[in-house]
Amino acid sequence: MKVFAAVTHQSGQLSLEGVELSAPKATEVLVKTIACGVCHTDAAALHSFIPVTLPIILGHEGVGIVEEVGSEVTSLKKGDRVIMSFPSCGKCDYCHEDHPYACDHLNTLFFDGTYNDGTKRFSQNGTEISSFFGQGSFADHVIIDARNAVKADVDTDEDLANLCSLGCGVQTGAGAVLNRIKPKKGSSIAVFGCGGVGMSAIMAAAIAGCSTIIGVDIVPSRLELAKKLGATHVINSQETDPVAAIKKITEGGAHNSVESSGIANVTLQALGCLRREGMAVLLSVTGPEEISLPLEALILNPSVTLTGLSEGASNPQTFIPELVQYYKEGRLPVDKLVKFYDFNDIQKAFEDSHHGVTIKPILRF
């Protein structure tokens, strides 16, 4: 079938074009895209900080309505509203152990543009086009494996559009707190970078019962919103040394921290602000920058942990419904992060995200 998509033929380019989309295979579904979030990871791939196979259709926070199901699909039916999430093979030990975020084939399925069977679904004039994260949801229709499409318990397309980033950004930030850190009630946490991922970590920290939640950013409007979403303290790191300020607020150091700024050297601050036995979770894609990690950062502050994490240590089929329920209860107000853009204004959405104008741009189809 003919679909309309934003195609990246070369680094930094987005071109709105017609492409061909093949029919879903046995374990897949065809989804009419209602909306799709614009994520920092899309920008990193667009500008080749993440190596991807070109040409490619980016987008990996799509939501939509199922129009067709493959012959082996029993979990979804035509007309279901779905949140699309990251792909996994379903066959490796990590997938069998309910850890699809650590799938053996994660890098291939995320970035090479192929599906579980090694083939692609988009094409143009005989040339195959890659699908980012097994979605390529910068397109008005997509194919996705049913294991990565989560039925959404919402009543309207408006609610569904607000939940775009549950497929990646929100579950990454919230999952870092709820699934990986699992903070004790009354503990402290510092969140570096108050974008979509960081704000999700702040909201999750409030859900978890943290009593001291510190948001760190350089954009005053984001810091103000962070306070509305659960931060008990905020720090403008252009004006104040965040490590010293966090240690003062927490009387010695935070129990845990999350780094979601996308700035490599901030990792050292996320580690340096911890008290003994604290954990710093690194979430952001920083591009080509490297950091030098002094051994004393780990040795002289005994038992601190620095860990990377993919997709919030989440199984989308179980964690996303939990997040939807938090949203419906008003405990995860992700709608306060979003600004909607017409799909034709995709370049503007990327620019506003880059300049901090919009926390979570969402494209409407």
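Worth knowing before you read on, the calculation uses all heavy atoms, side chains too, and leaves out hydrogens, waters and symmetry mates. Note that the coordinates shown come from a computational prediction; the quantities given were computed from them, not determined experimentally.
Side-chain N/O atoms of Asp117 and Thr119 include a donor and acceptor closer than 3.5 Å. Using modelled atom types and a 3.5 Å distance limit, the side chains of His9 and Glu17 yield a donor-acceptor pair. In this structure, a donor-acceptor pair under 3.5 Å is present between the side chains of Ser130 and Lys120. With hydrogens and angles left out, the side-chain atoms of Ser137 and Glu61 include no donor and acceptor closer than 3.5 Å. A donor-acceptor contact under 3.5 angstrom links the side chains of Ser88 and Arg147, judged on distance only. Between the side chains of Ser85 and Asn148, not a single donor N or O lies within less than 3.5 Å of an accepting N or O. Side-chain contact, Thr8 with Gln13: no donor N or O sits under 3.5 Å from an acceptor N or O. Under 3.5 Å, the side chains of Thr156 and Glu158 contain no donor-acceptor pair of N or O atoms. For the residue pair Ser188 and His255, a side-chain donor N or O sits within less than 3.5 Å of a side-chain acceptor on the partner. Checked by atom type, the side-chain pair Ser261/Glu259 shows a donor-acceptor distance below 3.5 Å.
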Worksheet item: Stepwise, does the side chain to side chain contact (heavy atoms under 4.5 Å, CB included) test hold for Asp42 with Cys39?
Response: CA-CA 5 Å; Asp42 293 310; Cys39 178; 3.5 Å; yes

Worksheet entry | Full working for salt bridge (Lys or Arg N to Asp or Glu O under 4.0 Å) between Lys328 and Asp153 | CA-CA 10 Å; Lys328 293 168 75 172; Asp153 183 19; 3.2 Å; yes

Discussion item. Test salt bridge (Lys or Arg N to Asp or Glu O under 4.0 Å) on Lys32 and Asp140; report intermediate values, then the result.
Written reply: CA-CA 6 Å; Lys32 178 182 179 181; Asp140 59 19; over 6 Å; no

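Both tests do not hold together for Arg331 against Tyr326: distance to the six-membered ring centre under 6.0 Å, angle to the ring axis within 45°. Under the 6.0 Å distance and 45° angle rule, Arg121 counts as a cation-pi partner of Tyr115.
Remark: Phe110 engages Phe133 in a ring pair (Phe, Tyr, Trp, His ring centres under 6.0 Å) (not counting sequence neighbours). In terms of the ring pair (Phe, Tyr, Trp, His ring centres under 6.0 Å) criterion, residue partners of His99 (sequence neighbours excluded) are, by chain and number, Tyr101. For Phe122, there are no ring pair (Phe, Tyr, Trp, His ring centres under 6.0 Å) partners two or more places apart in sequence or in a different chain. In this view, Glu224 and Lys227 satisfy the salt bridge (charged side-chain N to carboxylate O under 4.0 Å, His left out) rule, not counting sequence neighbours. Checked against ring pair (Phe, Tyr, Trp, His ring centres under 6.0 Å), Phe365 has the following partners two or more places apart in sequence or in another chain: Phe343.
Between Arg364 and Asp342 no salt bridge is recorded (no basic side-chain N to carboxylate O distance below 4.0 Å).
Closest non-hydrogen pair, Leu109 versus Cys89, comes out as CD1-N, 3.7 Å.
Judged purely by atom type and a 3.5 angstrom limit, Gln135 uses its side chain to pair as donor or acceptor with the backbone of Gly62.
Residue Ile218 belongs to a hydrophobic cluster whose other members are Val219, with links defined by side-chain heavy atoms closer than 4.5 Å.
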